[in-house]
Amino acid sequence: MTIFNFTDDQALGTVSSVDTATVIVEVDDSEQLKRLQVNRLAVLQSSKPGQHLIGLISKVTRKRLVPRHDDSDEDEPSEQNLCKVALIGSLLDADGLKRNVFRRTLESVPEIDANCFSLEGEDLTAFMRVISHAEGEGNSLVLGKYTLDEHAVAFLNGNKFFQRHAFIGGSTGAGKSWTTAKIIEQVAGLKSANSIIFDLHGEYSPLTGDGIEHFKVAGPGDVDAGNTIADGSIYLPYWLLSYEALVSLFVDRSDQNAPNQAMIIAREINAAKTKYLQDGGHQDVLDNFTIDSPVPFNLALLLDRLNDINTERVPGATANKDKAGEFNSKLSRMISRLENKISDRRLGFLFQGGDDALQFDYLNRLADSLLGSSDENGTGGVKIIDFSEVPSDVLPLIVSLVARLSFSIQQWTPLDKRHPIALMCDEAHLYIPSRNLADSADEISIKIFERIAKEGRKYGLSLVVISQRPSEVNKTILSQCSNFVAMRLTNSDDQAVIKKLLPDSLGSFSDILPTLDTGEALVVGDASLLPSRIRIDEPVNKPNSGTIEFWQEWQSEVDPTRLSTAVDNWRKQKIG
Ligand SMILES: Nc1ncnc2c1ncn2[C@@H]1O[C@H](COP(=O)(O)OP(=O)(O)OP(=O)(O)O)[C@@H](O)[C@H]1O
Ligand SMILES: [Mg+2]
């Protein structure tokens with residue numbers, strides 16, 4: 001049974017011009033024209049039998065024609081009704097043994113004078129059923145229902161969605177975190193799921209259940225309490241940082257001695273790592289390690305060495321008279337910067353992990369917790385990491401440290417043992433900013449994420465970039481994404497970025513971005529058969545999205561201790 005049985009008299013009109021992927025249809029009846037809506041679907045007769053072309057109505061116009069002759073007769077049309085259709089795919093009546101198959105390719109082009117029909121009513125339902133059925137085969141990720149037909153479930157191809165990075169964008173409150181939660185809950189249901197969520201505000205804490213694990217980058221309160229990975233507190237000890245990241249943390253670039261300081265840091269870290277390996281009897285690592293290798297070193301010893309160098313005196317030209325060493329007092333600023341960082345309670349997750357975080361196998365335990373899949377660690381393959389207590393100036397450094405860890409582990413896993421992992425980056429503009437907004441800590445983060453965007457696919461490492469400011473997110477990374485979930489966007493700079501990322505042929509499809517409802521999205525990309533408008537289903541467990549009912553709150557009772565509690569918490573650096 002073919003689903004379309006249009007008769008000529010149902011035609012809207014006929015094709016009057018054909019371009020590569022768009023056609024112009026002349027609509028005979030102006031009443032028909034009035035009913036047409038942009039972004040709805042149209043069907044075109046194909047030049048090949050057994051096929052129909054499917055398009056998206058992208059423009060509807062009525063043009064008044066100036067009469068050619070003053071004495072024009074009554075029959076000459078006084079207006080021209082046009083409808084522009086962006087071709088998006090073909091419906092084949094049969095493909096091998098399968099009936100009614102939709103393909104994203106254009107198997108043929110329509111001919112001039114081909115009939116065009118509006119896709120509505122039962123025809124639309126039948127077509128959407130074909131789409132849903134095809135998309136639901138096997139690897140289906142369900143986001144919600146099509147706005148076009150509220151009974152048709154919108155399935156995405158889960159393989160394709162994660163294969164080549166995805167982007168979720170929309171103004172604040174448009175529904176990105178809820179959409180992410182909807183995706184997470186399905187990922188969590190898979191047997192060997194593996195994904196990390198960067199949760200910057202602790203928004204995803206209500207997402208619980210099988211397959212989901214929560215971690216928090218240790219805050220001052222966790223350090224005081226001596227919490228460990230087993231309690232869900234993770235330390236990301238300084239020795240895991242790359243050399244570049246350590247320099248950006250310790251050396252003030254504006255210091256005139258910065259180049260010397262960076263050089264000495266490199267030399268001394270190398271020495272400190274060597275000592276650690278020698279003391280621990282790790283000869284096999286000692287032969288090949290580099291400054292960026294994840295080898296612990298003792299920071300107190302390093303600091304002693306730096307102090308020695310900073311106060312060093314060497315024999316002078318005349319006997320019995322010494323003089324200041326080459327780097328004497330050139331390290332003072334770096335040393336005090338380093339001391340400040342080490343004692344900064346907010347940076348406890350870097351420097352105050354104690355002996356545990358200095359163990360050689362700490363990295364193994366960290367990797368097991370963060371990068372293990374559901375069936376390996378027996379708990380959750382979806383790991384939500386709360387970064388809410390990480391100070392904003394080091395946030396890019398710390399988030400990208402976890403990203404680098406994931407990338408390195410993937411890279412160093414033999415091909416036959418590799419297991420894919422997705423990094424979901426909420427509030428990505430905060431740590432993967434566009435280059436013109438980046439400072440030195442951002443640069444390090446950008447470099448890592450750009451590398452993942454470009455090479456991650458080969459190693460089974462995927463990014464889902466989530467942001468309310470697409471125009472402030474790094475462009476290289478956005479341009480590597482092949483699936484877009486674009487939610488309501490009100491800012492015109494942000495809209496322009498999304499417009500540029502969508503295929504040209506879709507033309508004005510993105511014009512509806514500012515008018516989308518909360519929880520509604522335009523989904524475009526190879527994971528979705530149709531570029532379509534989808535109403536996202538509510539997730540079972542909803543993120544704390546911080547939507548506060550001002551008017552209502554202002555009419556109700558207030559806890560009289562709230563201010564003193566806040567002041568106290570602020571001082572103690574913990575919400576207790
Ligand atoms: N699919 C949905 N269905 C119904 N309501 C929704 C949906 N998605 C979001 N909402 C509503 O919108 C609010 C904000 O959603 P959400 O927290 O996901 O926004 P956001 O885009 O992540 O915003 P921000 O950029 O500020 O983090 C939710 O509290 C909820 O009330
Ligand atoms: Mg959010």
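This is a predicted model, so every value here is computed, not measured. Computed from heavy atoms alone, side chains included, the values below leave out hydrogens, waters and symmetry copies. Counting starts at 1 for both ligands and their atoms, in listed order.
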Note the single closest protein heavy atom to atom 15 (O) of ligand 1, along with its residue, its atom name and the distance in Å. G175 CA, 3.6 Å
Classify the ring geometry of Y431 against F449: parallel below 30°, tilted from 30° to 60°, perpendicular beyond 60°. tilted
Would you please say whether a donor-acceptor pair under 3.5 Å links the side chains of E450 and N474? yes
So is there a nitrogen or oxygen of S177 less than 3.5 Å from a nitrogen or oxygen in ligand 1? yes
Which residue and heavy atom of the protein sit nearest atom 3 (N) of ligand 1, plus the separation: E538 CG, 3.7 Å
Can you tell me how far apart CG (L246) and OH (Y238) are? Round to the nearest 0.5 Å. 9.5 Å
Residues Y146 and A154: closest non-hydrogen pair is CE1-CA, 3.5 Å
Minimal heavy-atom distance between V85 and G55, with the atoms involved, is CG1-CA, 3.5 Å
Hey, is P543 touching ligand 1 through its side chain, its backbone, both or neither, going by heavy atoms under 4.0 Å? neither
Report yes if the side chains of I184 and Y204 come closer than 4.5 Å at any heavy-atom pair, otherwise no. yes
D517 bridged to R535 by N-O distance under 4.0 Å: yes
Checking a contact table here: which protein heavy atom is nearest atom 5 (N) of ligand 1, and how many Å away? W178 CZ3, 3.8 Å
Check each heavy atom of K182 against ligand 1 and say whether those closer than 4.0 Å belong to the side chain, the backbone, both or neither. neither
At what distance is the nearest protein heavy atom to atom 23 (O) of ligand 1, and which residue and atom is it? G173 N, 2.8 Å
Using a heavy-atom cut-off of under 4.0 Å, does the side chain or the backbone of K176 touch ligand 1, or both, or neither? both
Between the side chains of D231 and S233, does any donor sit under 3.5 Å from an acceptor? no
Give a yes/no on ligand 1: does K542 have at least one heavy atom closer than 4.0 angstrom to it? no
Does G144 reach ligand 1, in the sense of a heavy atom lying below 4.0 Å from it? no
Atom indices of ligand 1, in the order listed, that fall short of 4.0 Å to a heavy atom of Q468: 24 (P), 25 (O), 26 (O)
To the nearest 0.5 Å, what is the distance between CG on L350 and OH on Y235? 11.5 Å
Can you list the atoms of ligand 1 that are under 4.0 Å from a heavy atom of S171? 21 (O)
Using non-hydrogen atoms of the residue, decide whether G170 is closer than 4.0 angstrom to ligand 1. no
What protein heavy atom lies closest to atom 26 (O) of ligand 1? Include the residue and the distance to one decimal. T172 OG1, 2.5 Å
of all protein heavy atoms, closest to atom 17 (O) of ligand 1 is S545 CB, 2.6 Å
Indicate if the distance from the Mg ion (ligand 2) to the nearest N, O or S atom of S177 falls below 2.8 Å. yes
R345 bridged to D224 by N-O distance under 4.0 Å: yes
Would you call R533 and E520 a salt bridge, using N to O less than 4.0 angstrom? yes
Heavy-atom nearest neighbour in the protein, as seen from atom 13 (C) of ligand 1, with distance rounded to 0.1 Å: T547 OG1, 3.8 Å
Out of T518, N544, D537, whose heavy atom is nearest to atom 10 (N) of ligand 1? T518
